Every structure is written in C-alpha cells, then in structure tokens.
Student: 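First, the structure itself, so that you have it in front of you.
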Amino acid sequence: MTVVNGYEQSDREEKLNILNLPSLEAEAKKIIPTGGFGYIVGGSEDEWTLQENTKAFNHAQIVPRALTDMENPSTETDVFGLHLKTPIMMAPTAAQGLAHSRGEAATAEGVAKVGGLMAQSTYSSTSITETAAAGNGAPQFFQLYMSKDWDFNESLLDEAVKAGVKAIILTVDATVDGYREEDIINNFQFPIPMANLTKFSEGDGKGKGIEEIYASAAQKISPDDVRRIADYTKLPVIVKGIQTPEDALLAIGAGASGIYVSNHGGRQLNGGPAAFDTLADIAKAVDHRVPVIFDSGVRRGSHVFKALASGADLVAMGRPVIYGLALGGAQGVQSVFEALNHELLIDMQLAGTKDIEAVKKAKLTHINY
Ligand SMILES: Cc1cc2nc3c(=O)[nH]c(=O)nc-3n(C[C@H](O)[C@H](O)[C@H](O)COP(=O)(O)O)c2cc1C
C-alpha cells in the first residue's frame, strides 16, 4: 500500500480470477478508501439512469444461430485506421490514482497487453506523456475537458499530439458536474494531484472537490469548438456524450471524425434514457459516415455484442476496469478485458458470427418481456 496525503492506494500487481465483471465492485470496495470508492461507483441524483444503463440491454435480444458451419470467431477489428485485437476499449476516466498507486500508467500497460485501445482523461493522475509511454506504442486517445482558458487547452493538446495520441475525444456532457450525492456524503476531495493540471494556474486539483474542478471547465461548448480542436491538432476529433441524433448530426457537421454515444455512466444527467436505448437511432442518423463508440453500463459479453449489433464500432467500459486496476494493477486490468472478451467470443460462436463485421450485421430482436 502507498499512502499519499493520508489516502491509501493499492499497490497490487496480479492476475485476477474473474467470474464476472459485476462481482468486481464488491471486491474493490474492500480495498479502495471510502471517498475514492464513492467517487468511482456513484451516479447522479437517485441513480435511476445509472441503474437503467445495464438493465436496458435486456430491451434487445441476440438471435441464436446453430447450423452456421463456423468455429473460432475472432474479435479483431479495424477502426479509425487502427488494427485492434478487441472492440472493447478503456473509457476515459479521471483520477485512477484513487484505485492504484500507478494510476493510468498501469491501466495503459494492461490495455496494451490485450491489444486494445486506451483513452486518457484530462483529469488523470499520471501525465499524458507518462501514460503514453506506459502504453509502449499501443494506440491511445486523449480526452479533453475543455477549459475556459484556451491557452491551457492548447498546452494539453500540444502534449497529446507530441505523445502520439491517435485522436482527441472532446467530452461535451459535463459542462457542470452531475449532482452526485455519494461525494457530498463523503465530503470527497481529490487527495491525489491531477498530473495534467499542474500546468494550470488554478492548481493541480489536490484537495478540491469535483465541483471546484469542473468550475474551470467550459460551460458553453458549441460545434465551433469541435472544428477549432480539429484544426488546431490536425487529429480526428470524437465527440463524447452524444445522446441524440440531433447532436450527432451537429457534431458531424462541425467536422467530428467520430461519435461517442454515452451518458457518462449515469454520472451526469439523471432521468435521461439508458445509453443503450439511444444507440440505434443515433447510429442510423450517423449512417456509417464516421465510427461510433458506445459506453455506459457494459458488463457482459452479450452487452458488447448487442451494442455492436446496434451500430457501435467500439464499446468502452469505465468502472469495471478501475476495479480491476485496484485489485490487480496492470495485470488486473488485463484480466478484466480478457474476461469480457472471453464472454464475447462465446456469444459470437453461439450467434454464428465469425468476426466483428458479422456481429455488426447481426439482427437483434426486440421482444418486450
Ligand atoms: C470514476 C470515473 C471517472 C470518469 N472520468 C471521466 C473523465 O474524466 N472524462 C470523461 O469523458 N468521462 C469520464 N467518465 C465517464 C466514462 O468515460 C464512461 O462514460 C463511463 O464510465 C461508462 O460507464 P461504465 O462505468 O458503466 O462503464 C468517468 C467515469 C467514472 C466511473
């Protein structure tokens, strides 16, 4: 264990024997300090949207296929010009030092081991450069929380470009922080500095609550910002937090190279629909012009399958990976991805879908049980 500013970080480094991803939450709760765990697990208000996120996958069903004369399906896929071993990626999540002393560096290492894609958050515990180096050449994206201070945005984007990230994810659903009661109950303040904020005049985030952190973030984000970031970085810009076809079309009109369908894991607007229930209509509006990433509530191989069959090209997860990080460091992260990929492979075989392209073409049924 490493103690920083009185906060006890896990130092574990081991492979995990995972029955399923939902079971990781209770295990992680035993080793992540209360404030940090509350910040990770929590959603906004009464957490209705958070809970519906996972339940909503039951609104669609996979069609079982048997006489398809196939075996050994593959989860390899090509998207954004990248060749990946799995369509499951790491969502950008802040402050992973709350879960492990090596923070995002260990996550990047674990994701690289499975041939996946890692997204770094602006509010990471390790710096852009350090996290990129830990990925050892594996592809990474950088997620930007746009600051009101454009000089600061440029300094982050400069570092991301220099570190070789393949795309910028612009998160647009967090112009204020969601009303998260868990953080209020715990009077939660980040005990560990946010490495990228050390450049920023307002401090490194240590000792601040989430509301204070978001106070420096831009509260007005428009399609012009998408174009400005694309022009500045010359990298693809993926807009994250899209929940309607209207916003997807606005983003594409402003030059977005990807649409990221997400409700932030139920942490922002509570009372909105489960993310999965919004996916198919958005994908239809996008109509393959740019790739679609999906997250929020993904815990099972069948969830990944259903998201791909509903129009996603990549499927991300947040909390389960952070729990794996706390429980086993880089190897724990690797174990989480392997467990979910294993379930996906079984589902692919039993649905007669040999590769990810076939999964994307698979028809789902929508029977209301
Ligand atoms: C602890 C935590 C921190 C997060 N930090 C960020 C962030 O910095 N930027 C961002 O765009 N999304 C952030 N998210 C949202 C994730 O990118 C993702 O949308 C969400 O975790 C998906 O839901 P899931 O946790 O159910 O898989 C965070 C989520 C969690 C749980």
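This one's a predicted model, so the numbers in the text were calculated from it and none came from an experiment. Along the sequence shown, residues are numbered consecutively beginning with 1.
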Student: Mind checking whether I192 and Y7 have side chains closer than 4.5 Å, heavy atoms only?
Tutor: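 A side-chain contact exists here, since the closest heavy-atom pair is under 4.5 Å.
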Student: Do the charged groups of E159 and K162 touch, with an N to O distance under 4.0 Å?
Tutor: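 Salt bridge absent between E159 and K162.
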Student: Does this structure show an ion pair linking K240 with D173, if we count only N-O contacts that are shorter than 4.0 Å?
Tutor: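 No, K240 and D173 are not salt-bridged.
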Student: Between S101 and D11, do the side chains contain an N or O donor and an N or O acceptor separated by less than 3.5 Å?
Tutor: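 Yes, a side-chain donor-acceptor pair sits under 3.5 Å.
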Student: Just verifying a value: how many Å separate S147 OG and N196 CG, rounded to the nearest 0.5 Å?
Tutor: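 The OG atom of S147 sits 12.5 Å away from the CG atom of N196.
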Student: To the nearest 0.5 Å, how far apart are CD in Q334 and OG1 in T107?
Tutor: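 Here the rounded value is 12.5 Å.
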Student: Only one of V237, N153, D158, V161 clears side-chain contact (heavy atoms from CB on, under 4.5 Å) with Y232; which?
Tutor: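 That would be D158; it is the only one of V237, N153, D158, V161 passing the side-chain contact (heavy atoms from CB on, under 4.5 Å) with Y232.
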Student: Assess the side chains of E104 and Q120: does a donor N or O sit below 3.5 Å from an acceptor N or O?
Tutor: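 There is no such pair between these side chains.
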Student: Between the side chains of Q331 and E13, does any donor sit under 3.5 Å from an acceptor?
Tutor: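 Distance-only check passes for Q331 and E13.
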Student: Using a distance-only test with no angle check, is there a side-chain donor-acceptor pair under 3.5 angstrom linking Q9 and T2?
Tutor: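 Looking only at side-chain atoms, T2 and Q9 do not form any donor-acceptor pair under 3.5 Å.
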Student: So, R65 versus Q349: side-chain donor-acceptor pair below 3.5 Å or not?
Tutor: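 No, Q349 and R65 have no side-chain donor paired with an acceptor closer than 3.5 Å.
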Student: Less than 4.5 Å apart, any side-chain heavy atom of E154 and any of F152?
Tutor: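 When only atoms from C-beta onward are counted, F152 and E154 do not touch, as no gap falls below 4.5 Å.
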Student: Rounded to the nearest 0.5 Å, what separates atom NE2 in H100 from atom CG in L325?
Tutor: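 If I round to the nearest 0.5 Å, the distance is 6.0 Å.
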Student: Going by an N to O cut-off under 4.0 Å, is there a salt bridge joining R267 and E47?
Tutor: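 The answer is no: the pair does not qualify as a salt bridge.
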Student: With a 4.5 Å heavy-atom cut-off, do Q96 and T93 have their side chains touching?
Tutor: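 Yes, their side chains come closer than 4.5 Å.
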Student: Could you tell me the separation between the CG atom of L197 and the OG1 atom of T122, rounded to the nearest 0.5 Å?
Tutor: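 These two atoms lie 8.0 Å from each other.
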Student: Output yes when a side-chain donor or acceptor of N263 lies under 3.5 Å from a complementary backbone atom of P273, and no otherwise.
Tutor: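 Looks like yes, one N/O pair under 3.5 Å.
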Student: Would a distance-only check, ignoring hydrogens and angles, find a side-chain to backbone donor-acceptor pair under 3.5 Å from D231 to R228?
Tutor: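 Checking the backbone N and O of R228 against the side chain of D231, no donor-acceptor pair under 3.5 Å is found.
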Student: Any ion pair linking E343 and R300 (charged N to carboxylate O, less than 4.0 Å)?
Tutor: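 Counted as a salt bridge, because a side-chain N and a carboxylate O are separated by less than 4.0 Å.
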Student: Ignoring hydrogens and angles, state whether a donor on the side chain of S262 or D295 is under 3.5 Å from an acceptor on the partner side chain.
Tutor: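 Looking only at side-chain atoms, D295 and S262 do form a donor-acceptor pair, the distance falling under 3.5 Å.
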Student: Does the N53 side chain pair with the main chain of A275, one donor and one acceptor, at a distance under 3.5 Å?
Tutor: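 Indeed, once roles are kept as given, a pair shorter than 3.5 Å links the two residues.
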Student: Within this structure, what is the CG-CG distance for the pair L327 and L16, rounded to the nearest 0.5 Å?
Tutor: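 It is 5.5 Å, given to the nearest 0.5 Å.
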Student: Is I322 reachable from I169 through a run of hydrophobic residues whose side-chain heavy atoms are each under 4.5 Å from the next?
Tutor: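 No: no chain of side-chain contacts under 4.5 Å links I169 to I322.
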Student: Given 3.5 Å as the limit, does a donor-acceptor pair link the side chain of R227 with the main chain of D224, or not?
Tutor: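 Not confirmed, R227 side chain does not pair with D224 backbone.
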Student: Do I252 and V79 land in one hydrophobic cluster if side-chain heavy atoms of ILVMFWY residues count as linked below 4.5 Å?
Tutor: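 As far as the 4.5 Å side-chain criterion goes, V79 and I252 are not connected within one cluster.
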Student: Do F190 and Y123 have their ring centres less than 6.0 Å from each other?
Tutor: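 Between F190 and Y123, the centre distance exceeds or equals 6.0 Å.
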Student: Do R180 and F188 come close enough that some side-chain heavy atom pair is under 4.5 Å?
Tutor: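 SC-SC contact between R180 and F188 ruled out.
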Student: Are the side chain of T353 and the backbone of D355 linked by a donor-acceptor contact shorter than 3.5 Å?
Tutor: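 Not at all, since once roles are kept as given, no pair shorter than 3.5 Å links the two residues.
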Student: As an exercise, state the distance from CZ of F305 to OG1 of T75, rounded to the nearest 0.5 Å.
Tutor: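 It is 13.0 Å, given to the nearest 0.5 Å.
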Student: I need the full list of ring pair (Phe, Tyr, Trp, His ring centres under 6.0 Å) pairs touching residues 242-293, with sequence neighbours left out, sorted by first then second residue.
Tutor: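 Ring pair (Phe, Tyr, Trp, His ring centres under 6.0 Å) check on residues 242-293 returns F57-F276.
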Student: Looking only at side chains, do H366 and Q61 share a donor and an acceptor under 3.5 Å apart?
Tutor: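 Short answer, no.
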